[in-house]
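The shown structure was predicted, so the numbers you read here are calculated from the model rather than taken from an experiment.
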Amino acid sequence: MVAISSDTLPARLVHFGPYASLVEFDDCDDLLEGFKSILRGWHVREVSEQGTPPPIIRFSKRDGRFQWQSERLPPPDDWSPRGPRKVMDGVADFHYRFLDWHALEFTNQFCLHCAAVRVGGGLVIFPSGKKAGKSTLVTELALRGYQIFCDDVLPIELGGNDGLAMGILPRLRLPLPENISPDHSRFVDRRMGLADRYAAYINFRPSELAAFGTTAPIRAIVLLRRSDAPVSARLLPAGRAETLARMIDQNFATHLSPTLIFDEMSALMDRAELRTLEFSDVGQAAQCIAETYGGGA
């Protein structure tokens, strides 16, 4: 048998679920397989080049580093002037641009930076920016039997009240907080998937993480107020103005007019309970959510 050099292998054109555009992986099998490992409920298939439109992104390698080419999606900030060498870095960066791609494909939706968990009859969502404790909190809620919808982005159809699960594994920053419970720490160790010293994707089971395309109504919007000083976890009423400001700040559907975004956020708030979760210990915070919305599971 004659060995085939990787230089002669054709690029792989990949179709992700319902997205109309394709992604090309040229000598980047490790990146493709890494990204597939963090998806749940997605139909990912390769297609032949014949008759296909130009890919939205072309991945290649140069001098051991991943390269990004796209006319519609700019490369991640860390890819300029050079792309990463590590698969984990490439996957994490593609993950975030993947969400931008979703917003381009589905203009009938807006997207919120938030975490969301199905508790009781609907979703409790946590609209917050980076380092607010979203991923750690939803992991703690999963340990209590609730199903994660997302730890980063939740699409919502215009005029609707249902959140859409993206089917992407939560990504936890490492090391974990010092006050995390031993059960939480052991769970993360057992379920750790693609990882490096700074972060890890966690392999949740189908009962723990909703597959892509799953929907559920939003029942509560909870702002996170994490304290460095020890405080007892408690849910407080949230002001409408503060909640609206947070929601607008965490929206990234830039193709929609500010007026439409304001109206959509206002309507969403009209149908949901508005709370602020004050906490220092994530276990107490999860228990507070469970007792309030899930009957104390």
Backbone N or O of [Y] within a donor-acceptor pair of the [X] side chain at under 3.5 Å?
X: His43; Y: Arg45; value: no
X: Arg271; Y: Gly160; value: yes
X: Thr214; Y: Ala211; value: yes
X: Asp196; Y: Ala199; value: yes
X: Ser185; Y: Ser181; value: no
X: Asp151; Y: Arg171; value: yes
X: Ser280; Y: Val231; value: yes
X: Glu264; Y: Gly159; value: yes
X: His255; Y: Thr107; value: yes
X: Asp152; Y: Cys114; value: no

Sidechain N-carboxylate O distance under 4.0 Å for [X], [Y]:
X: Arg97; Y: Asp100; value: yes
X: Arg240; Y: Asp270; value: yes
X: Asp29; Y: Lys61; value: no
X: Asp249; Y: Arg246; value: no
X: Arg40; Y: Glu208; value: no
X: Glu291; Y: Arg144; value: no

Determine the minimum heavy-atom distance between [X] and [Y], stating which atoms define it.
X: Tyr146; Y: Gly294; value: OH-O, 3.4 Å
X: Gly121; Y: Pro217; value: O-CG, 3.8 Å
X: Ala92; Y: Tyr201; value: CA-OH, 3.4 Å
X: Leu174; Y: Met192; value: CD1-CE, 4.4 Å
X: Pro18; Y: Phe106; value: CG-CZ, 3.8 Å
X: Gln109; Y: Leu256; value: O-CD1, 4.1 Å

Are more than 12 heavy atoms from other residues, nucleotides or ligands located less than 6.0 Å from atom [atom1] of [X]?
X: Arg191; atom1: CZ; value: yes
X: Asp63; atom1: CG; value: no
X: Tyr198; atom1: OH; value: no

Can [Y] be reached from [X] by stepping across I, L, V, M, F, W or Y side chains whose heavy atoms are under 4.5 Å apart?
X: Phe204; Y: Val282; result: yes
X: Met247; Y: Leu260; result: yes
X: Ile218; Y: Phe262; result: yes
X: Leu224; Y: Ile248; result: no
X: Leu158; Y: Phe252; result: no

Hey, are the side chains of [X] and [Y] touching, using non-hydrogen atoms and a 4.5 Å cut-off?
X: Leu99; Y: Met166; value: yes
X: Leu154; Y: Cys111; value: no
X: Gln67; Y: Phe59; value: no
X: Ile38; Y: His95; value: yes
X: Ile168; Y: Leu209; value: no
X: Leu22; Y: Val14; value: no
X: Phe66; Y: Cys28; value: yes
X: Cys288; Y: Phe279; value: no

Measuring from atom [atom1] of [X] to atom [atom2] of [Y], what distance do you get when rounded to the nearest 0.5 angstrom?
X: Leu13; Y: Asp26; atom1: CG; atom2: CG; result: 10.0 Å
X: Ser70; Y: Ile56; atom1: OG; atom2: CD1; result: 5.5 Å
X: Leu112; Y: Phe126; atom1: CG; atom2: CZ; result: 13.5 Å
X: Leu172; Y: Leu176; atom1: CG; atom2: CG; result: 6.5 Å
X: Ile125; Y: Leu223; atom1: CD1; atom2: CG; result: 9.5 Å
X: Leu164; Y: Asp162; atom1: CG; atom2: CG; result: 9.5 Å

- request: Classify the ring geometry between Phe94 and Phe35 as parallel (under 30°), tilted (30 to 60°) or perpendicular (over 60°).
  value: tilted

query: Taking the inter-plane angle between the rings of Phe16 and Trp101 on a 0 to 90° scale, is it parallel (under 30°), tilted (30 to 60°) or perpendicular (over 60°)?
result: perpendicular

message: Set out, in order, the CA-CA distance, both residues' side-chain angles and the distance that settles side chain to side chain contact (heavy atoms under 4.5 Å, CB included) for Met265 and Asn251, then state yes or no.
response: CA-CA 9 Å; Met265 300 294 181; Asn251 159 70; 3.5 Å; yes

- prompt: Without hydrogens or angle criteria, can the side chains of Gln147 and Arg118 be said to hold a donor-acceptor pair below 3.5 Å?
  reply: yes

message: If we count only N and O atoms by modelled type, under 3.5 Å, do the side chains of His15 and Glu46 hold a donor and an acceptor together?
response: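 No, no side-chain donor-acceptor pair sits under 3.5 Å.
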
- request: Take Val87 and Glu33 through the side chain to side chain contact (heavy atoms under 4.5 Å, CB included) test and state the conclusion after the steps.
  value: CA-CA 9 Å; Val87 171; Glu33 295 307 315; over 6 Å; no

message: The test is side chain to side chain contact (heavy atoms under 4.5 Å, CB included); show your working for Leu141 and Ile148 and say whether it passes.
response: CA-CA 8 Å; Leu141 284 163; Ile148 299 170; over 6 Å; no

message: Show, in sequence, the C-alpha distance, side-chain angles and deciding distance for Glu140 and His184, and conclude whether the side chain to side chain contact (heavy atoms under 4.5 Å, CB included) test is met.
response: CA-CA 7 Å; Glu140 191 71 28; His184 189 126; 2.5 Å; yes

